[in-house]
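We count residues from 1, following the sequence as given. Counting convention: from 1, in listed order, for ligands and their atoms alike. Note that the structure is predicted; figures quoted are calculated from it, not measured.
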Amino acid sequence: MIIVTGGAGFIGSNFVHNWLGHETEPVLVADKFTYAANAENLAHFAEDPRLRIERIDVSDRVAVEQLFAHNQPSSVVHFAAESHVDRSIRGPAEFVKTNIIGTFTLLEAARTFWSELGGEARDRFRFVHVSTDEVFGSLGPDDPPFTERSAYEPNSPYAASKASSDHLVRAFHQTYGLPCVTTNCTNNFGPYQFPEKLIPLVILNATAGLRLPVYGDGMQVRDWVYVADHCDAVRVILARGRVGETYNIGSRSELTNVQVVHAICRLLDDLRPASGRMHEELIEFVADRLGHDRRYAIDPAKLESELSWRPQHSFDAALHKTVKWYLANEGWCERVRSGEYRRWMELHYGTGQPEVLGAVT
Ligand code: NAD
Ligand code: DAU
């Protein structure tokens, strides 16, 4: 089977859906089940013998070594991370632990495991490291998009921790020959995204009649990709990406935050009209994020030309689909908002208290 770390989070769980929809090889999700994980994202496969889930912290050396020894994976796709920039500003330590030490721990275990493999298993093994465009820093308005050759200039503790992990992955390939491939993707959106991130936060707040907080002047630019397109790209890169390479993933959809928030408001005015007001009346400009990067943009030409990947969704069509998904899945949204989603862990593991979400207020 393949091991998918962080497979109960937003992109990881979408990747499991994507993988099991296209491939026959089973999946082992290895996830610490932090606040960002939601087992309900994988409930569709509850009876499917192709999916197993293990609760594991990727920075726990013994547990990670056992994970490899007991399961003999054909490859690893590494999504597990602390992923929210605002949380990294409030408390960077966990980002250093999971994103840097965790990736290092996985690499060490993968190296030991891979070095003892022979024949086809050794040739096939891949360590796909899922990273972000934020490692490249911030672009000026007229700068060309980031390519694989752009310099690393991370600005937030989150971005710095991901940059460090990318360097470790590179070093493990260069030094030990571990067959690694790294991906650097733009902002994702779609089903199962935790509502601390802009798009689900705005959808859930707007439907609840709560304010829509826009940081600073709202003119920061993000380059958006639908999560299913990202997952397709990772699957293609796992199958055919060149070892030791990095691939940028994006769908050339640059928008300011204000444009994104207005687009969601317009969709909601149409799909779920609020009596007596337009959703955009809820927009409130609030204090800016510290060190807020002004613009990200990715040039995906290498992935397109080498591996023939193309995004299948336009931003507008994917946003429409996403808003409809959140409206159709009120139960999921309600359990996330209330903290009820954490009960699954208590029921199964008898630990942890439901956390109150800070983001959706
Ligand atoms: P997420 O926060 O939704 O999910 C992260 C998952 O990792 C959760 O299930 C969490 O429980 C798990 N995890 C955290 N610490 C762990 C640990 N120590 N051990 C094991 N599991 C742990 O994140 P996401 O948005 O799905 O992002 C997934 C990956 O993709 C991350 O590496 C992130 O840097 C990268 N990425 C995200 C985006 C985006 O827009 N969301 C864009 C580019 C790259
Ligand atoms: O670029 C890829 C990155 O995209 C990933 O590596 C990160 O894991 C992911 O969280 C995301 O980072 P951002 O910081 O860009 O995403 P976020 O949704 O937090 O914010 C998007 C933009 O919206 C950003 O400019 C900050 C702004 N924002 C965000 C929130 C939560 C607001 O204006 N108001 C908000 O309430």
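- Using a 4.0 Å cut-off between heavy atoms, Tyr158 contacts ligand 1 through its side chain alone, with no backbone atom that close.
- With a 4.0 Å heavy-atom cut-off, ligand 1 is reached by the side chain of Lys162 but not by its N, CA, C or O.
- Ligand 2 has an N or O atom lying under 3.5 Å from an N or O atom of Asp133, backbone or side chain.
- Residue-to-ligand polar distances keep Trp224 apart from ligand 2: every N/O pair is separated by 3.5 Å or more.
- Any N or O atom pair closer than 3.5 Å counts here, and Asp86 shares no such pair with ligand 2.
- Ligand 1 has an N or O atom lying under 3.5 Å from an N or O atom of Lys32, backbone or side chain.
- Ranking protein heavy atoms by distance to atom 3 (C) of ligand 2, first place goes to Glu134 OE2, 3.0 Å.
- From the protein, the heavy atom lying nearest to atom 26 (O) of ligand 1 is Ile11 N, 2.7 Å.
- For Gln259, the side chain to side chain donor-acceptor pair (under 3.5 Å) partners are Thr256, not counting sequence neighbours.
- Ligand 1 has no nitrogen or oxygen under 3.5 angstrom from a nitrogen or oxygen of Cys185.
- The shortest N or O to N or O distance between Tyr35 and ligand 1 is not under 3.5 Å.
- Heavy atoms of Asn99 found under 4.0 angstrom from ligand 1: none, in either backbone or side chain.
- Shortest contact from atom 9 (C) of ligand 2 to any protein heavy atom: Ser83 O, 3.9 Å.
- Distance alone, capped at 3.5 Å, places no donor-acceptor pair between the Asp133 side chain and the Asn184 backbone.
- Polar contact check, Thr132 against ligand 1: no nitrogen or oxygen pair lies under 3.5 Å apart.
- For a threshold of 3.5 Å applied to N or O pairs, the pair formed by Ala80 and ligand 1 contains no separation below that value.
- The protein atom (non-hydrogen) at minimum distance from atom 44 (C) of ligand 1 is Ser131 O, 3.1 Å.
- Near Val130, the atoms of ligand 1 lying under 4.0 angstrom from a non-hydrogen atom of the residue are 30 (O), 32 (O).
- Closest protein heavy atom to atom 31 (C) of ligand 2: Glu196 O, 3.3 Å.
- In terms of protein heavy atoms, atom 14 (O) of ligand 2 is closest to Arg289 NH1, 2.6 Å.
- Taking every non-hydrogen atom of Thr98 and a distance limit under 4.0 Å, the qualifying atoms of ligand 1 come out as 15 (N), 16 (C), 17 (C), 18 (N).
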